[in-house]
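Worksheet for the structure shown next.
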Amino acid sequence: MQIFNTLTKKKEDFVPINPPEVTMYVCGPTVYDFFHIGNGRTFIMSDIIRRYLEYKGYKVKYVMNLTDIDDKIIRKANEEHTDTKEISERYGNAFLEDISKLKIKKADVYPKATENINDIIKMISDLIDEGYAYNVSGNVFFNVNKFNGYGKLSGKKIDELEAGARIEINDEKTNPLDFSLWKKAKEGEPFWESPWGKGRPGWHIECSVMSLKYLGKTIDIHAGGSDLIFPHHENEIAQSEAVNKNQFVKYWVHFGFLNIQNEKMSKSLGNFFTARDILNKYSAEAIRLLFLQTHYAGPLNFSEELLSASEKGLEKIKNTIIKIKEIRESHKFGNEISELDFHYFKKQFEEAMDDDFNTPRALAVIFDFIKNINSEISQKEKLDEQFYIKADDYLTSTAVNVLALADLNNFKNESRNNLEDALIKTLIDLRIKAKNDKNYQLADEIRNRLKEIGIELMDSKTGSTYKIC
RNA sequence: GGCGGUGUGGCCAAGUGGUCUAAGGCGAAGGUCUGCAAAACCUUUAUUCGUCGGUUCAAAUCCGACCGCCGCCUCCA
């Protein structure tokens, strides 16, 4: 398996430090608002990586932090005349709700900055003791010139950055590139006691601290949006490696932006949709399918038209899975044997995913598989049970478990509500009677009226099936 | 100014030296099945990969120039 590593700018063989364990850290949200669907791309694609690693037999330890204290949260709290805790809890909970709706597997831990203040203070103290950081009347900064490898992730050079000179001049810093580890509290701001006085942690330090605390000195994978490469991840490397004297991260993974009309979706441009709003109009699976159709590192132009197209494509996958399940449950098997090479499709799927999580290719394999399955079903009179077992296994392990493009629980709820099921079956029976009497007007009326309330009937030689939309 | 990404059919998108007259999805056209639908299947839908040159027996794929779009360098997934 190969992963493109931002640090080396190459695809590299994936060799975890301590197999079968894989440690993975993903930069989570700052909880000051609902997250937008562009942020959602990072969460979903990280989830795909995690799920595929599990498919490969790795035991993934997955940590995602929640930044629950920072300028934006303070500003929001002031605007609403409340405190930062209320804001961060509100949006932290909303975040957990939304990622759950997006069918993202839970992290092992969602550590919060404010719950790790002591560890943060400890790391800052260590950085000061070792000469990497300095305190200027209550503000502590990291001295980038002290850290040799500064710029190695983003490919930037310190002197060139200085020449760029778009950095705010701050008299307290010895170098404009130095970044805050500890921010002195201003009047009315929330604060924690520290050796440098009342204040709060800077943004970058929390990831270094929590990554170390929950996953160790060197972790396998650290992922996040491309906009975090500089300065956030660069700074994390500097802090962590300065203190730990160990390589911080083995594989850096960065996700491309979600664009709207070719522009990066962002809060500041105002061109965003919250994941929440999108989920009200489209299924989580369609959102996932849309994201999977583009490689994770490239840009993805987002539009509702594309989402609708994905919703259609998803139907094809879902219909096939439902059909296979129904045939298995009804035991309507024959004894015809399929020549279909299931092993080939499994291999193709794995080759695609092994190649830096090439989900567009993996999807092509799945769609190809589905076409073959349906083709077999429509060409042969009755296939044997083995065929359906293998087809079911394949789609469950790939489309359902790795890509989460279908939720088996939902299918069950749809068909297992006994009363509802019996009612619909009664109507179906009556309609078949009408059909047999060539009373097509009545038959069509039953079908149309059921459709109006969201129940779609589909006729086949053996009878009618239904699905709830 | 520095660094990076990207340009493939109507739309989205994979492919980075020969298997490419280019995967897959959406859309469109025709057909099979059906009382009609829906679903599904079959067939068709790029001799061409931003433009112009070059390297090579061979290029969407390598090199050069040019054009277009986007991003990072400031908080940002």
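In what follows, every chain begins at residue 1, and chains take the letters A, B, ... in the order their sequences are listed. Fair warning: this is a prediction, and the values are worked out from it, not measured in the lab.
- Separating the P atom of G10(B) from that of A23(B) is a span of 15 Å, rounded to the nearest Å.
- One finds no side-chain N or O of N301(A) lying less than 4.0 angstrom from the OP1 or OP2 phosphate oxygen of C70(B).
- Here H254(A) lies out of heavy-atom contact (under 4.0 Å) with every strand.
- Applying the 6.0 Å contact sphere to CD1 of I389(A) captures more than 12 heavy atoms from other residues, nucleotides or ligands.
- Using a 4.0 Å heavy-atom distance criterion, K316(A) is classed as a sugar-phosphate-only contact.
- Nucleotides C75(B) and G18(B) have their P atoms positioned 44 Å apart, rounded to a whole Å.
- V400(A) has its side chain within reach of L408(A): a pair of non-hydrogen atoms, C-beta onward, lies under 4.5 Å apart.
- Under 3.5 Å, the side chain of K72(A) and the base of C76(B) form no donor-acceptor pair of N or O atoms.
- Under the stacking definition used here (centres under 5.5 Å, planes under 30°), the residue Y440(A) qualifies as stacked on the base of G35(B).
- In this structure, F257(A) reaches the bases: a heavy-atom distance under 4.0 Å links it to at least one base atom across the strands shown.
- Across all strands, T294(A) comes closer than 4.0 Å only to sugar-phosphate atoms, never to a base (heavy-atom distances).
- Not one side-chain nitrogen or oxygen of K318(A) sits closer than 4.0 Å to the OP1 or OP2 atom of A39(B).
- Separating the CG atom of N436(A) from the P atom of U34(B) is a distance of 15 Å, rounded to the nearest angstrom.
- As the counterpart of C41(B), G31(B) is assigned, both hydrogen-bonding distances of the Watson-Crick or G-U wobble pattern falling under 3.5 Å.
- Judged by distance alone with a 3.5 Å cut-off, a donor-acceptor contact links the side chain of D459(A) to the base of C36(B).
- At G27(B), one or more side-chain N or O atoms of K312(A) fall inside 4.0 Å of OP1 or OP2 (strictly under the cut-off).
- In the set C70(B), C72(B), C41(B), the nucleotide with an atom closest to the side chain of S375(A) is C41(B).
- Using a 4.0 Å heavy-atom cutoff across all strands shown, A364(A) reaches at least one base atom of the nucleic acid.
- In terms of polar N and O atoms assigned as donor or acceptor, the side chain of R75(A) never comes within less than 3.5 Å of the base of C75(B) in a complementary pairing.
- The side chain of K156(A) sits closest to C72(B) out of G25(B), G35(B), C72(B).
- For S378(A) against A40(B), no side-chain N or O and base N or O form a donor-acceptor pair under 3.5 Å.
- Between S464(A) and D459(A), the shortest heavy-atom distance links the atoms OG-OD1, 2.8 Å.
- The aromatic rings of W252(A) and H233(A) lie tilted to each other, with the angle between the two planes from 30° to 60°.
- D70(A) comes within 4.0 angstrom of nothing in the nucleic acid, heavy atoms only.
- The base of A40(B) does not come close enough to the side chain of N374(A) for any donor and acceptor atom to sit less than 3.5 Å apart.
- The aromatic ring centroids of F141(A) and F179(A) lie 6.0 Å or more from each other.
- Summarising the base pairing, G4(B) is matched to C70(B) through a Watson-Crick or G-U wobble pair whose two defining distances lie under 3.5 Å.
- In this structure, L7(A) atom CG and C3(B) atom P are separated by 19 Å, rounded to whole Å.
- Residue whose closest nucleotide on RNA chain B sits further toward the 5' end, between D444(A) and N319(A): D444(A).
- Using a 4.0 Å heavy-atom distance criterion, G38(A) is classed as a base contact.
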What verdict does the side chain to side chain donor-acceptor pair (under 3.5 Å) test give for Q2(A) and D355(A), after you've listed the backbone C-alpha separation in whole Å, the side-chain angles of each residue and the deciding distance to 0.1 Å? CA-CA 5 Å; Q2(A) 292 202 309; D355(A) 182 14; over 6 Å; no
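- Separating the CD atom of E236(A) from the P atom of A77(B) is a distance of 13 Å, rounded to the nearest angstrom.
- The partner of U19(B), taking Watson-Crick or G-U wobble pairs whose two distances both stay under 3.5 Å, does not exist in any strand shown.
- Looking at heavy-atom distances under 4.0 Å, K371(A) makes contact with sugar-phosphate atoms alone, never a base.
- In this structure C62(B) sits in a base pair with G54(B), meeting the Watson-Crick or G-U test at under 3.5 Å.
- Contact annotation for L457(A): base contact, defined as any heavy-atom pair under 4.0 Å involving a base atom.
- A donor and an acceptor atom sit less than 3.5 Å apart, one in the side chain of R447(A) and one in the base of A37(B).
- No donor-acceptor contact under 3.5 Å links the side chain of D227(A) to the base of G71(B).
- G298(A) comes within contact range of no nucleotide atom at all, as no heavy-atom separation falls under 4.0 Å.
- The nucleotide whose nearest atom lies closest to any side-chain atom of R431(A) is, among C76(B), C36(B), C72(B), C36(B).
- Heavy atoms of L300(A) sit nowhere under 4.0 angstrom from any nucleic acid atom.
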